[in-house]
Each structure stands twice: as structure tokens, then as C-alpha cells.
Amino acid sequence: MALIVHKYGGTSMGSPERIRSVAKRVAKWARAGHQMVVVPSAMSGETNRLLGLAKEVQPAQLDAAAMRELDMIASTGEQVSVGLLALALQAEGMPAVSYTGWQVPVKTDSAYTKARIESIDDQRVRADLAAGKVVIITGFQGIDPDGSITTLGRGGSDTSAVAVAAAMKADECLIYTDVDGVYTTDPRVVPEARRLHTISFEEMLEMASLGSKVLQIRSVEFAGKYRVPMRVLSSFTPWDIAIEEEATSGTLITFEEDEKMEQAVVSGIAFNRDEAKFTVIGVPDKPGIAYQILGAVADANIEVDVIVQNVSHDGRTDFSFTVHRNDYQRTSDLLNQTVMPAIGAMQISGDPKICKVSIVGIGMKSHVGVASTMFRTLSEEGINIQMITTSEIKTSVVINEKYMELAVRALHRAFDLDAPQNLG
Ligand code: ADP
Ligand code: ASP
Ligand code: MG
């Protein structure tokens, strides 16, 4: 008998029929003798709908008090899901009980809309499991030290599931979603993308942080920190598929480098359309300039990603960086109204229509020329690279958003990631 955590995403929970199918699948695992904890998301579209309502009521910039209420609102989507899933399990003749994050409790800090889990009290859950019940816990949320409800950032149910698995030392955390595993790139953008049987934890971490939303990055961080065995698989296989087959399907996240079966130089391609670029033009090239620009941006709580400073001409230089697209207007106002006059820059230019495309692979550590293959491929497609950033296992470029799909497809081909053609 094992302790297993299942997580079901929004599409997997998207209708009463889908929820009944999830219940049948979970009941199958429970009847096979496993202790089951299930962490569902809100039904698909529900979190967007709830946040849309909030925006209709209060469209302005939100302060901390308003962010608290956003979490109060957004958390309800998952509350409905857990109740529905518990009902569906009971209808299957399987004892089940549902809890919200605050009932468990899942304790977090107070960073509303992006709270971090600090601890999980598993006493209540263990008692229910011992009594033979399936325990269903809301994804995406917890409670802060003041007793306020918090949420964990979009896609946060993945993190809830892995955190529960870590806290309870579960034997495995299975992330059920609407694709059958982690692919070389988003299969909805590149149909030739291939499913990976395994992906190393380090690569998964990079893929998630660079924009592959198949897993929320914090869930991967948790899995790494607590060594939670974790697999991504489909909730759209027939629910009554044999457990042995199901348990080996999808993509396993591995922690040992040498466990990796597919030793490609580049394992995957990630992309992110959520960024915007700013260039501060004609900055006097003297010590302290980067600090004056980026310090002001950081003080306004705006996160910066890629940074490039050009060589100087005639004592002046250009300084570019990217921020989240949601912060575009705020950053633009800050640069134009405060930073430019303070540092004597000549002009600010902003471009919200950019994207970041990244190649990721552990094999890059030991291969030279990988980045240059990337640059050559993009140049052959006539795509101009605006910024470049590299680390040991990834190279990212910032390009015009309109070339994103073209770039991803070309790179996918160039690094031999396309699925083998059926020449039949
Ligand atoms: P869930 O609601 O189950 O959490 P998400 O929409 O958050 O599902 O994540 C699954 C989606 O992630 C897929 O539908 C797919 O379009 C997208 N995705 C992006 N990159 C990848 C990738 N490398 N492999 C698989 N799916 C990916
Ligand atoms: N329902 C939340 C969201 O849409 C959390 C999740 O689905 O993981 O972001
Ligand atoms: Mg998700």
C-alpha cells in the first residue's frame, strides 16, 4: 500500500462528466489499496471568470487590502471543485472528504496572489486516510498568519499537490493534465513536438521558469528540495486503464543525471510572451547607472528579467531590460517621470511586443557551439535577435513576438527534436 497524491488541472475537472471520470479513476486507485490524497484545480475558465468579476468591480491599480480580497475571490473556484469531486466519489461508493487550504491548514506567508507555502499540518488528513477515506484538498491556496486566505499564483495547484506530497512523504505525486506528459516544446504550438519519457529536474526547472506552463515553477522547486517522485500524465486516458500501465505513462521527473535516457544536447524549447522590453537611450556612462535605473525599478516592486548594457559611444550608452508585460505601463511611467530626469538619459523606448525563446538541455554543459547553432538557425529565418542571455543549461533570446512560432519551429527542427517522420 502506497500513499499517492493525484493532482487534476482545470480541463481535467472541466465539467460534471469530467469530474465523474476523475472520481472513477481515483476510486480505482483507492480500491487497489492505496491511500489517496487528491488536489484539484478550479474548473477550467473559472479562475479567469472570478478574477474578471473582481476587475469589473475594481478596475484600478490594486493595493494590499484589495489584493487580499482578490485571493478571497479567486480561492472559491477550487472550493467548488473539491466539493464536487467528494460528492462524485461518494456517489461511486467511495468515502471521501474535502478540505479547503485553511481547513487543513496549508500555512503560507502573506504575499497575496503569490504566497509561498511555509508548512502543512497533515494530522487531519492522516486521520481521514486511516479511516479509509479519500482526502481532497483545494489546490492553489492556503492561510496566512493573520488567518487570511492566500493564493499561490496562477497555476499554483501543481505546487499545492507537490507540497502536500512532500509534507506527507507520499510515495508519488501524479500530475494529471490535458496533455500526456512533458513535451520537447508546447505541443499546441509545434505539432511535431515529442513527449519525453523522462526529464531531469534541472531541465524541468528551467523549462518551467522560461515559460512552459505545463508545471508551475514552484512545484518543481518543491519536488527538487524534498525529492518528491513526480510524474506528468494525461487525465484523458480511459479511467479504467490498468494501474500498472497508467503508473508508467507520461513523463517522469528524474533527479539523477545518469538516469536520463534521452541524452540530447537540447531537450526542450520554452517560450514566453509575457515580457516587455525597455531601452534607456543615451545614458551617461558612469559608475552607478545600472543601480540608479534598476534600483528604482526594484523599489517599485517590478521584477526585471533580461538585462543588456551596450558599449558606450561619446560617454553615453544604452541600457535595456525586460519586465513582465503586466508591469509595462508602470515601468514606462517610472522611467519617463522619475528615472530619465534623474540620470539625464536622452530617451526611453518601450516595446511590449517581444517574446523570449529558450533552448534548454543538460547536454549543453559539455557541448560547444550549441548557442551558435541557435543564432545561425534564427538568422537563416531572418529573425533579428534583440537580447541574449545564457546559463550552463540554457540559452535565451529576446525577439519580436511575431516571429515566435517560426523561431520555435525552426529551432525544434535544428536540434533534431521533431518526432520521427512516418515515411510509410
Ligand atoms: P492544467 O490545467 O492541467 O494545470 P495547464 O494548462 O496549466 O494544465 O498545463 C498544460 C498545458 O501546458 C498543455 O495543454 C500545453 O499546451 C502546455 N505546455 C507548454 N509547454 C509544454 C510542454 N513542454 N509539454 C507539455 N505541455 C506544455
Ligand atoms: N485555478 C488556478 C489557476 O487557474 C490554479 C491552477 O489551476 O493551478 O491559475
Ligand atoms: Mg497548470
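Just so it is clear, the values below take in all heavy atoms, side chains as well, and ignore hydrogens, waters and symmetry mates. We count residues from 1, following the sequence as given. Counting starts at 1 for both ligands and their atoms, following the listed order.
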(request) Return a yes/no value for Asp186: is any of its N or O atoms, backbone included, closer than 3.5 angstrom to an N or O of ligand 1? (result) yes

(request) Mark up the atoms of ligand 1 that fall under 4.0 Å of a heavy atom belonging to Lys213, in ascending order. (result) 6 (O), 7 (O), 9 (O), 19 (C)

(message) I'd like to know whether ligand 1 has Gln216 as a neighbour, heavy-atom separation below 4.0 Å.
(response) no

(message) For ligand 1 and Lys7, I'd like to know whether there is a polar contact (N/O to N/O, distance under 3.5 Å).
(response) yes

(request) Report, in ascending order of atom number, the atoms of ligand 1 lying under 4.0 Å from any heavy atom of Ser212. (result) 20 (N)

(request) Could you tell me whether Lys114 atom NZ has more than 12 heavy atoms of other residues or ligands within 6.0 Å of it? (result) no

(message) Taking side-chain contact (heavy atoms from CB on, under 4.5 Å) as the criterion, tell me which of Asp305, Val397, Thr322, Ile399 meets it with Lys356.
(response) Asp305

(request) Could you tell me whether ligand 1 has any atom less than 4.0 Å away from a heavy atom of Gly181? (result) yes

(message) I need the atoms of ligand 2 closer than 4.0 Å to a non-hydrogen atom of Ser41, numbered in the order shown.
(response) 6 (C), 7 (O), 8 (O)

(message) Please identify which of these residues, Arg231, Lys7, Glu246, meets the side-chain contact (heavy atoms from CB on, under 4.5 Å) condition with Tyr176.
(response) Glu246

(message) Looking only at protein heavy atoms, which one is nearest to atom 2 (O) of ligand 1, and what is the separation?
(response) Gly10 N, 3.1 Å

(message) Tell me whether Asp178 has any N or O atom under 3.5 angstrom from an N or O of ligand 1.
(response) yes

(message) Distance under 4.0 Å to a non-hydrogen atom of Glu78: what atoms of ligand 2 satisfy this?
(response) 1 (N), 2 (C), 5 (C)

(request) Using a strict 4.0 Å threshold on nitrogen-to-oxygen distance, state whether Glu192 and Arg413 make a salt bridge. (result) no

(request) Could you tell me whether Arg273 atom CZ has more than 12 heavy atoms of other residues or ligands within 6.0 Å of it? (result) no

(request) Number the atoms of ligand 1 from 1 as they appear, then name those within less than 4.0 Å of a heavy atom of Val182, with their elements. (result) 24 (N)

(message) Under the rule for side chain to side chain contact (heavy atoms under 4.5 Å, CB included), what residues qualify as partners of Thr279, not counting sequence neighbours?
(response) Lys277, Ile281, Asp318, Ser320, Ser349

(message) Quick one, Arg25 and Val22 - any side-chain contact, counting heavy atoms below 4.5 Å?
(response) no

(message) In terms of relative ring orientation, are Phe201 and Phe255 parallel, tilted or perpendicular, with 30° and 60° separating the classes?
(response) tilted

(request) Under 4.0 Å from a heavy atom of Gly155: give me the atoms of ligand 2 that qualify, with their elements. (result) 3 (C), 5 (C), 6 (C), 8 (O), 9 (O)

(request) List every atom of ligand 2 that sits less than 4.0 Å from any heavy atom of Arg154, numbering the atoms from 1 in the order shown and giving each element. (result) 3 (C), 4 (O), 9 (O)

(request) With heavy atoms under 4.0 Å as the rule, classify the contact between Pro187 and ligand 1 as side chain, backbone, both or neither. (result) side chain

(request) For ligand 2, find out whether one of its N or O atoms is nearer than 3.5 Å to an N or O atom of Lys7. (result) no

(message) Taking a cutoff of less than 4.0 Å between a non-hydrogen atom of the residue and any ligand atom, is Gly156 in contact with ligand 2?
(response) yes

(request) Return the residue, atom name and 0.1 Å-rounded distance of the protein heavy atom closest to atom 23 (N) of ligand 1. (result) Tyr183 O, 3.0 Å

(message) If you measure every N or O of Arg188 against every N or O of ligand 1, does any of those distances drop under 3.5 Å?
(response) yes

(request) Give a yes or no on whether Tyr226 atom OH has more than 12 heavy-atom contacts from other residues, nucleotides or ligands under 6.0 Å away. (result) no

(request) Say whether Ser41 and ligand 1 are in contact under the criterion: heavy-atom distance to a ligand atom below 4.0 Å. (result) no

(message) Please check this pair: side chain of Asp327 against backbone of Arg330, looking for a donor-acceptor N/O pair closer than 3.5 Å.
(response) no

(request) Tell me which protein heavy atom sits closest to atom 3 (O) of ligand 1, plus the residue, atom name and distance to 0.1 Å. (result) Thr177 OG1, 2.6 Å

(request) Using side chain to side chain donor-acceptor pair (under 3.5 Å) as the criterion, point out the one residue from Asp186, Asp180, Thr185 that pairs with Tyr183. (result) Asp180

(message) Out of Val214, Val232, Leu215, who is nearest to atom 27 (C) of ligand 1 when you count heavy atoms only?
(response) Val214

(request) Give me the ring orientation class for Trp29 and His34: parallel if the planes are under 30° apart, tilted from 30 to 60°, perpendicular past 60°. (result) tilted

(request) Would you mind listing which atoms of ligand 1 come within a distance below 4.0 Å of any non-hydrogen atom of Val179? (result) 13 (C), 14 (O), 25 (C), 26 (N)

(request) Measure the acute angle between the ring planes of His6 and Tyr8, then classify it against the limits of 30° and 60° as parallel, tilted or perpendicular. (result) perpendicular

